[in-house]
Amino acid sequence: MESFSLILAIVVVTALAFDFTNGFHDTANAMATTISTGALKPKIAVAMSAVLNLVGAFLSVEVANTISKGLVDETGIRPEVIFAALVGAILWNLLTWLVGLPSSSSHALMGGLVGATVASAGFGAVHGDVLVTKVLLPAVAAPIVAGLASLLATRFSYGVGGTADGEATRKGYRAGQIASAGLVSLAHGTNDAQKTMGIITLALVAGGSIAPGSNPPTWVILSAGMAIALGTYIGGWRIIRTMGKGLTDLEPRQGFAAQTSAATAILASSHLGFSLSTTHVVSGSVMGAGLGRKGGVVRWSTATRMFVAWALTLPAAALVGAGAESVTGLGDWGTAAVAVFLVAASAAIWKISRREVVDHTNVVEETGEPAGVVTAAIAAVTPPPAGMVTEDLTATIPAPVTEPSPAAPAAPPAAAV
């Protein structure tokens, strides 16, 4: 095994801590729709996702190489820079988890790395072409492509299946959902687990433990896979609730279409070495599936908050990473101060989260989030599917009240018999 300095050991441990947060932050990507539609019990779903994430970590190293060799100039990076980048990524992951927003762990890591690198070595140490072509452009294109694919797949499913809604049909789509959820988990391991592998490999190069241009060592692949699998098994229940119930309401066939579209996009990006955000892909797929069914709704108030979080992820993590790098640059005591701050902030966020506990026992409860003006209007004018009985079609406009004319004489009282 490579020789380790103290700072390098701290970086590796912090990277694995980030990988753990990545796991529970992104569990919703694979299993939220499966849990919300009742295809799998919550604990079984997260256990299945954890195992497949671990398997997926061994299938490719293309994304890891994008991070360790392509995004920044690895020859001018110190281990302290990697540590500062991870601080920014972890804190952003924990904050968005606390409020239940499915933001991108990948972009948090990229933002922290770019910010810390710029603070340490200037803008010239960041490869702008790689940042644009393999990070920013996929971030914009991925949810759109996945959403359109999911929308078309959902409409095709309802078109071919008609209004069939028997128990056999539901069972069939639930089985398909379980298979597609497993594929998303496998794809997540091939993409997100590798980001931590790339960061650790970059730290090993920066610390002089391995030669520049090296692939991730086997122990790095194994430890990163184990960390993300453990985080996945813990379950990010707050984000699962948002993805499963807060964004839209899905039937089994919609969940199947959403997850199949997402898995296809993620696996293709992993093969091409794109550091894709699985959160963006799955969120786009879920919204596309929600809009693909007649009468389906997307809660745009939730979606808007999610879009804002996406836009803030890169710059927010970059600012925290740059600030942490400025402090670590002051010496060993600066690095120690940043480590203490990271632990204290993480503990505070966890303590705040205990005020309202969300776990496997209440994750499928309704959020009470309104559908939003646009979606409610669309649903109001969309005719119900054929075969449905529309109830309560009576007019709700009250009849006008007739006032007595002041000039008309009062009617005489009826004669008593």
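All heavy atoms count here, side chains included; hydrogens, waters and symmetry mates do not.
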Result block: side-chain N/O donor-acceptor pairs under 3.5 angstrom for residues 38-46, not counting sequence neighbours:
none

task: Determine, stepwise, if the pair Val55 / Leu186 fulfils side-chain contact (heavy atoms from CB on, under 4.5 Å).
output: CA-CA 7 Å; Val55 174; Leu186 191 70; 3.8 Å; yes

- line: Rounded to the nearest 0.5 Å, the CG atom of Asn22 sits from the OG atom of Ser106 at a distance of 6.0 Å

message: If only side-chain N and O atoms count, and only distance matters, is there a donor-acceptor pair under 3.5 Å linking His25 with Thr96?
response: yes

- prompt: Can you check whether Met48 reaches Ile178 side chain to side chain, under 4.5 Å on heavy atoms?
  reply: yes

message: Contact between Met197 and Ile200 at the side-chain level, heavy atoms closer than 4.5 Å - yes or no?
response: no

task: Run the numbers on Asn53 and Asp26 for side-chain contact (heavy atoms from CB on, under 4.5 Å), then give the verdict.
output: CA-CA 11 Å; Asn53 266 278; Asp26 288 1; over 6 Å; no

query: Is Leu342 close to Leu91 at the side-chain level, that is, under 4.5 Å between some pair of heavy atoms?
result: yes

Note, Leu86 side chain near Leu109 side chain (heavy atom, < 4.5 Å): yes

- request: Scan for side chain to side chain donor-acceptor pair (under 3.5 Å) pairs involving residues 308-332, sequence neighbours excluded, and state none if there are none.
  value: Arg78-Glu325, Trp92-Thr313, Glu325-Thr328

- prompt: Quick one: CZ on Arg238 to CD1 on Ile240, what's the gap to the nearest 0.5 Å?
  reply: 12.0 Å

message: Side chains of Leu183 and Gln259, heavy atoms from C-beta outward: is any pair under 4.5 Å?
response: no

query: Is Thr260 reaching over with its side chain to a backbone N or O of Ala257, donor-acceptor style, under 3.5 angstrom?
result: no

message: Tell me whether Ser150 contacts the main-chain N or O of Ala146 through its side chain, where contact means a donor paired with an acceptor under 3.5 Å.
response: no

query: So do Gln254 and Ser157 actually touch side chain to side chain, heavy atoms under 4.5 Å?
result: no

- request: For Ala142 and Val281, work out which heavy atoms get closest and say how close.
  value: CB-CG2, 3.7 Å

- prompt: What's the spacing between Gln194 CD and Leu59 CG if we round to 0.5 Å?
  reply: 8.5 Å

message: I need the His107 NE2 to Leu312 CG distance, nearest 0.5 Å.
response: 13.5 Å

statement: In short, Ile10 meets Thr14 closest at the heavy-atom pair O-OG1, 2.7 Å

query: Out of curiosity, Leu314 CG to Leu113 CG, how far, rounded to the nearest 0.5 Å?
result: 11.0 Å

- prompt: Rounded to the nearest 0.5 Å, how far does OG1 of Thr218 lie from CZ of Phe58?
  reply: 8.5 Å

field: Flag side-chain contact, heavy atom, 4.5 Å: Val282 against Pro102
entry: no

Under 3.5 Å donor-acceptor, Ser353 side chain and Leu98 backbone: no

query: Is the number of heavy atoms from other residues, nucleotides or ligands under 6.0 Å of Phe341 CZ greater than 12?
result: no

message: Please find the pair of heavy atoms, one from Thr154 and one from Gly292, that lie closest to each other, and give the distance.
response: CG2-C, 3.7 Å

task: Please name the residue in the list Thr279, Asp19, Asn93, Thr21 that meets the side chain to side chain donor-acceptor pair (under 3.5 Å) test with Ser105.
output: Asn93

task: Would you name the heavy atoms of Pro79 and Ile7 that are closest together and state the gap between them?
output: CB-CG1, 4.1 Å

Atom pairs and distances, side-chain donor-acceptor, residues 221-236, under 3.5 Å, sequence neighbours left out:
residue : atom : partner : partner atom : Å
Ser223  : OG   : Trp219  : O            : 2.9
Ser223  : OG   : Val220  : O            : 3.1
Thr232  : OG1  : Ile228  : O            : 2.7

message: For a quick test of reading the model, state the closest non-hydrogen atom pair linking Met287 to Val298 and the distance between them.
response: O-CG2, 3.7 Å

- prompt: Do Arg305 and Thr302 come close enough that some side-chain heavy atom pair is under 4.5 Å?
  reply: yes

statement: Taking every heavy atom of Ala116 against every heavy atom of Ala84, the minimum-distance pair comes out as CB-CB, 4.0 Å

